[in-house]
Protein chains: 2
Amino acid sequence: MGRKDPAFAAGTDTVAQRRTDRVTISDVAALAGVSTAAVSKIVNGKGSFPQATRDRVQRAVVQLNWAPSAAAVALRGARTRAIGMVAGRTPDVLNSDPHFALLIAGIESELAPRDHGLLLHIVGEQPDAAERAYRRLATERRVDGVILTESRVGDPRFALLRGLRLPAVLVGTPWQSDPVPTVRAAEQDQGMADAVEHLVGLGHRRIGYVSGPEDRVHTGRRRAVFTEALARHGLSPSHLLASDFAGQTTGSLVEKVLATADRPSALVLANDMMALAALAAAQRTGRQVPRDLSLIGHDDLPVGHLLHPRLTTVRQDLAGLGRAAALSVLQQLGEEPAGPLPEVTPPQLVVRESTGPAPG
Amino acid sequence: MGRKDPAFAAGTDTVAQRRTDRVTISDVAALAGVSTAAVSKIVNGKGSFPQATRDRVQRAVVQLNWAPSAAAVALRGARTRAIGMVAGRTPDVLNSDPHFALLIAGIESELAPRDHGLLLHIVGEQPDAAERAYRRLATERRVDGVILTESRVGDPRFALLRGLRLPAVLVGTPWQSDPVPTVRAAEQDQGMADAVEHLVGLGHRRIGYVSGPEDRVHTGRRRAVFTEALARHGLSPSHLLASDFAGQTTGSLVEKVLATADRPSALVLANDMMALAALAAAQRTGRQVPRDLSLIGHDDLPVGHLLHPRLTTVRQDLAGLGRAAALSVLQQLGEEPAGPLPEVTPPQLVVRESTGPAPG
DNA sequence: TGTGAGCAGGAAAACGTTTAACTGTCCAGC
DNA sequence: GCTGGACAGTTAAACGTTTTCCTGCTCACA
């Protein structure tokens with residue numbers, strides 16, 4: 001067994017300490033009676049070796065429980081086998097919007113089987129914090145590529161990452177025509193358009209939209225789609241509100257709007273948590289959903305169909321987006337054969353119980 | 001500028017390619033006119049150098065936008081500056097339980113300012129998947145330490161990590177007396193006990209408990225606390241149900257219980273999402289909360305006070321736990337001065353609107 | 001004039017892999 | 001008998017840092 005262990009020239013008990021220390025490829029090589037090069041090639045399936053040698057090496061690997069040091073592999077020029085993601089949100093907003101969790105789950109479901117890690121950085125809202133994070137990720141060569149979400153108006157990250165030569169993929173709609181690879185669903189506006197059709201078909205005429213933060217690219221886009229869809233029926237939005245993603249703000253905003261005389265009979269909201277807040281606000285002010293007010297959310301988070309009434313919403317295939325994004329970076333890295341990415345299900349209106357005929 | 005660049009012996013345009021490649025410490029050294037050793041010492045604040053030299057080096061660093069390669073630093077024996085976390089849950093359960101997001105946010109809030117990364121792995125529920133993930137993290141030396149959550153009955157991870165010599169900290173209650181460092185709140189059972197007191201005080205006598213999966217350590221513990229608190233009033237649980245963490249299961253379980261003749265008048269649930277599902281189930285079967293049924297959740301997730309009625313719950317300081325956990329690993333690594341960890345607020349009953357007097 | 005301290009900084013090894021280039025042996029074919 | 005090729009590996013360089021000794025040099029002081 002341990003008979004073949006190399007006895008390096010070293011201080012007497014340094015060796016002892018060494019032995020209990022991490023096991024390296026040389027230990028494996030010594031135990032298998034071959035060179036480190038042979039071990040490396042065999043575990044990486046590179047050269048051609050007789051079965052007997054391969055077995056000896058494999059046994060040694062298992063016996064010593066060896067795995068190549070990620071640092072050494074990375075240094076040697078191979079890959080880090082890690083993908084980065086920087087979330088530019090404050091912790092509590094992040095928390096109240098499970099959107100991220102779903103996306104990350106999708107990403108990991110592709111990364112994990114390929115033995116890649118996800119290096120997550122949650123930085124505050126300040127734009128330079130995110131930039132610093134990316135810069136560090138790149139110059140320290142901590143990751144092979146990054147996944148971006150929530151592109152913003154005038155987003156500086158694309159240029160930054162190009163400059164840093166860090167492969168990247170954006171989940172969502174890029175700002176202008178940024179040449180960064182992008183994953184998104186086909187017909188991505190259809191869901192929102194359908195939502196408007198649905199409401200108009202139910203007789204609603206006073207329909208408002210509560211958007212997320214203005215600096216997100218999708219905020220403007222979705223609102224535009226909303227407005228255009230209304231325009232096709234000769235209508236215009238009764239209210240255009242901008243909230244942040246936190247439920248509290250949305251709640252009081254909605255309460256205020258509902259208190260006015262020209263209140264909407266239906267509200268479309270930028271995500272499901274905002275819709276949940278709106279629902280609560282309506283109930284709190286003595287209104288019933290959908291009798292007095294119809295609500296449509298966005299994303300189709302699991303919470304939506306636990307509610308009473310169940311939430312009508314525009315389903316987004318967040319996990320699918322995450323999966324596609326992960327595969328896209330891996331393709332750029334040559335870790336995954338090129339080819340079409342898996343389909344991302346287009347946004348789709350899911351009619352449940354929070355929408356109904358217009359009152360009166 | 002580039003005049004001092006070393007001209008390595010190499011093919012003609014290989015050099016050109018090299019130049020556009022990543023910048024290394026030698027480039028900085030050449031530009032500043034010193035050795036790489038000097039650069040290293042100066043940026044790490046080690047030796048003593050005259051201010052002029054320090055300035056030259058700093059300028060060169062900035063000019064070339066250099067940062068030490070994480071791989072090289074790690075290989076040299078310093079730290080990876082990354083902490084690992086393995087979530088042994090399926091993606092959709094992870095998603096429907098925002099508990100994780102909050103914890104992660106807390107962890108990152110301490111890690112980020114110290115330039116540490118969080119390497120996240122989401123593996124399925126199979127126990128060996130998690131074990132493999134830890135093993136890889138350790139043998140590949142990808143992280144300096146790990147944070148564990150959700151200790152399970154007979155949890156093999158502690159022994160595993162000790163064997164791997166990977167510093168670890170557990171968030172929550174260890175199984176038996178595992179000698180792994182642990183962060184948890186003081187008086188961690190008080191919240192649950194108060195919940196029972198609260199219900200009994202409102203006149204409830206038929207009180208049930210809906211727990212999470214049996215293999216979690218806290219499942220048994222909380223249920224025991226629940227049962228004991230009832231016993232102090234000469235009562236015993238009217239129902240003890242075990243659900244998973246998914247809302248669906250809980251919903252149908254609660255519907256079923258409410259349909260029986262000996263139904264409880266109050267229900268305590270293992271987390272807020274389960275309470276939300278229970279609320280919906282009650283409403284769906286025509287019952288009003290809290291008139292016909294009182295509900296108490298656990299964790300105090302933001303969603304709880306967006307609901308109608310607002311959820312009475314046992315608040316847990318998840319972000320605080322995350323922060324303390326992060327600091328605890330950093331202390332073990334010597335990255336953070338030893339000292340008391342920040343206080344984690346003890347679990348605390350937050351009475352809101354989902355609990356009321358017992359009916360009839 | 002010699003000596004030692006203190007300063008400013010350099011040379012080189014080490015960390016653990018991967019890989020290009022090479023070596024030695026054996027055998028087939030001419 | 002010699003060449004060429006396949007086989008079964010080995011040697012050594014390279015990746016980019018950090019760190020442990022070093023080496024000159026200057027200057028004060030005996």
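The figures that follow rest on heavy atoms only: side chains count, while hydrogens, waters and symmetry mates do not. Below, read A as the first sequence line, B as the second, and so on, with proteins coming before strands; counting in each chain starts at 1.
Counting only heavy atoms from C-beta on, A:S35 has its side chain closest to D:dT10 among D:dG16, D:dT10, C:dT17. For B:A37, counting side-chain heavy atoms from C-beta on, the closest listed nucleotide (D:dG9, C:dA12, D:dT17) is C:dA12. Among the nucleotides C:dT17, C:dG9, D:dT19, the one closest to any side-chain atom of B:S40 is D:dT19. Comparing D:dT10, D:dT17, C:dA8 against the side chain of A:V34 picks out D:dT10 as the nearest. The side chain of A:K41 approaches C:dA20 more closely than any other nucleotide in the set C:dA20, D:dT19, C:dT17.
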Exercise for the section: For the pair B:R22 and A:R165, evaluate side chain to side chain contact (heavy atoms under 4.5 Å, CB included) and give the outcome as yes or no after the intermediate values. Expected result: CA-CA 9 Å; B:R22 309 302 171 147; A:R165 286 164 207 285; 3.7 Å; yes
Exercise for the section: Carefully, step by step, assess A:R132 and A:D128 under the rule salt bridge (charged side-chain N to carboxylate O under 4.0 Å, His left out). Expected result: CA-CA 6 Å; A:R132 267 208 316 282; A:D128 57 326; 3.7 Å; yes
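Among the protein residues, A:A70 comes within range of no part of the nucleic acid, since none of its heavy atoms lies under 4.0 Å from any strand. Nucleic acid contact class of A:S48 (heavy atoms, under 4.0 Å, all strands): none. Residue contacts shown for A:A29 are absent, as no nucleic acid heavy atom lies under 4.0 Å away.
Nucleotide C:dA8 holds its P atom 12 Å from the CZ atom of B:R56, rounded to whole Å. Here D:dG16 presents its C1' atom at 9 Å from CH2 of B:W66, a figure rounded to the nearest Å. The separation between B:N44 atom CG and D:dT19 atom P is 7 Å, rounded to whole Å. When rounded to the nearest whole Å, the span between CD1 of A:I25 and P of C:dT19 equals 11 Å. Straight-line distance from the CZ atom of A:R141 to the C1' atom of D:dT17: 13 Å, rounded to whole Å. One atom, CZ of B:R79, and another, C1' of D:dT17, lie 16 Å apart when rounded to the nearest Å. Atom CZ of A:F49 is separated from atom P of D:dT10 by 8 Å (rounded to the nearest Å). Between the CZ atom of B:R81 and the P atom of D:dT17 there is a distance of 15 Å, rounded to whole Å.
Nearest-nucleotide positions on DNA chain D for A:A72 and A:A38 put A:A38 closer to the 5' end.
Between B:T53 and C:dG9, a side-chain N or O to OP1/OP2 separation shorter than 4.0 Å is present. Residue A:K46 places at least one side-chain N or O under 4.0 Å from the OP1 or OP2 atom of C:dT19. Between A:T24 and the phosphate of C:dG16, there is no side-chain N or O to OP1/OP2 separation shorter than 4.0 Å.
Between B:R114 and B:E336 there is a salt bridge, with a side-chain nitrogen of the basic residue lying less than 4.0 Å from a carboxylate oxygen of the acidic one.
B:Q331 contributes a side-chain N or O that, together with a main-chain N or O of B:G339, makes up a donor-acceptor pair within less than 3.5 Å.
By the 4.5 Å heavy-atom criterion applied to side chains, A:W175 and A:R157 are not counted as neighbours.
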